[in-house]
Amino acid sequence: MKTNNTEGCGLCNATWGEYWREIDGDNMYFCCNICADIFETMVKKVKEITGWKKIDYVELVGNYSSGRECEARNGEDAFRYYFRTYSNGKFITFEKR
Amino acid sequence: MRCPTCLLHIRGGYAELSDHIYNMLGKTDSNHIMWINRYVTRSRTSKKELEGLVKRVFETGDLKEWIIQKFIGKFFSKSPHQFLVKMQKPDRWTLLGYAYEHHHFLKQWVKSCSLIIINTDFEEIHHYEIDNIISEWHGEKGRFPAHHELLLKMGQSYGASLDDIYRTEPLEPTLHAIQTWDHICRNFSFVEGMAAMHSLELIANRKMKEYGASIGYFDPVILRDGSVTRETVDFLREGYEADVSHSEVALALIAKYSSMLNLQQEVQAVFFKSIEEFDNYLNARIERGAILENKQH
Ligand SMILES: [Zn+2]
Ligand SMILES: [Zn+2]
């Protein structure tokens, strides 16, 4: 699964740390386990709502404070959503946009 | 020196502090990574470069100004904290969430102030904390109610019962924050305890906009437009006026004593920790509001 964060962490794009986790069969790079937890939960929520079997690409815009406006893509389909978490990764908000 | 993330006491100077942080980053420790990403840099640097950057974050000729600017950066920037966004025109659920969680915050507050008193012989500090306890927790019979009492009345004005506010346990982030503040005030120097607690009062300081904040704690128009209950106006107005003197007097004391006791960096480290906890705690107010709203439907 690709994201617009090409330099670093799949969620926040930071280049510190080195934490790998398999997401949907792809080994993805994150800056830490919390970013990986958030990303993994986010993918699960998107799949639950859309019923998709896979996600090809996720665009994430924002930060931890204001939350992240996102668009997930699966082939021709797109799903827009917003989410925000506590700093330990627990979700505060996840909503369809 | 003290680590702003794990609060570890570190012998030496910025080289040693930066060494410790660099090691923790190498171990992919999420808390240290979060701190570096949020306050220093999101791009990996060399060890030597990091030392310079860490030093630059702490260096200041004016501690009071440094605290105010870091606080603005954290909560009042162009992407302000979401609780502040909600407070511009607060609805019933935001104010109820505020009342339920802040009750626990204030219960710890009075204990923190007392621990600060226990940890020092400076009478100036005793007087300051006692004055703070009276306005936040005790009030003065026949003259003015405590801030805590006004908070409970605000909750009641939106239909919460006293019993329910008292019986509802704090959410996990509130509890975690409370335990951190208790730990700092109990075990660290009084001036670090003061920095952990009283810097937070800047949140309701109406001069924040003059200092560069993008928004205020709330839009003052709600004090007169009838969009919130009279009890809410009483609660917010009291804080609005009281916290100006509280926070700024405290910052002057913190600057004076941290310089006298050579604890400036330690105070800054504790401040960083405290604002992280406060960030989560403000989110817990939002979460509590959402929980109460969902119960209703
Ligand atoms: Zn990350
Ligand atoms: Zn540390």
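Letters A, B, ... mirror the listed sequences (proteins, then strands); counts begin at 1.
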At a 4.5 Å cut-off on heavy atoms, which part of [X] comes close to chain B: side chain, backbone, both, or neither?
X	answer
A:Asn63	side chain
A:Cys12	both
A:Tyr64	side chain

Nearest-0.5 Å distance, CD of residue B:Gln82 to CD1 of residue A:Ile92
9.0 Å
Starting at NZ of B:Lys74, measure out to OG of A:Ser65 and round the result to the nearest 0.5 Å.
7.0 Å
Give a yes or no on whether B:Lys89 atom NZ has more than 12 heavy-atom contacts from other residues, nucleotides or ligands under 6.0 Å away.
yes
Step through the shown structure and confirm whether more than 12 heavy atoms of other residues, nucleotides or ligands are within 6.0 Å of NZ on B:Lys55.
no
Evaluate side-chain contact (heavy atoms from CB on, under 4.5 Å) for A:Asn88 paired with B:His176, printing each intermediate quantity in order.
CA-CA 11 Å; A:Asn88 68 2; B:His176 192 274; over 6 Å; no
Would you please go through [range] and name the residues with a non-hydrogen atom below 4.5 Å from one of chain A, in numerical order?
range	answer
residues 35-52 of chain B	B:Ile36, B:Asn37, B:Arg38, B:Thr41, B:Arg42, B:Ser43, B:Arg44, B:Thr45, B:Leu50
residues 281-288 of chain B	B:Asn283, B:Ala284, B:Ile286, B:Glu287
residues 23-33 of chain B	B:Leu25, B:Thr28, B:Ser30, B:Ile33
residues 94-106 of chain B	none

Please determine, among B:Ser77, B:Ala290, B:Pro173, the option with the most heavy-atom pairs under 4.5 Å with chain A.
B:Pro173
Report the option among A:Ala14, A:Ser87, A:Ser66 that has the most heavy-atom pairs separated by less than 4.5 Å from atoms of chain B.
A:Ser87
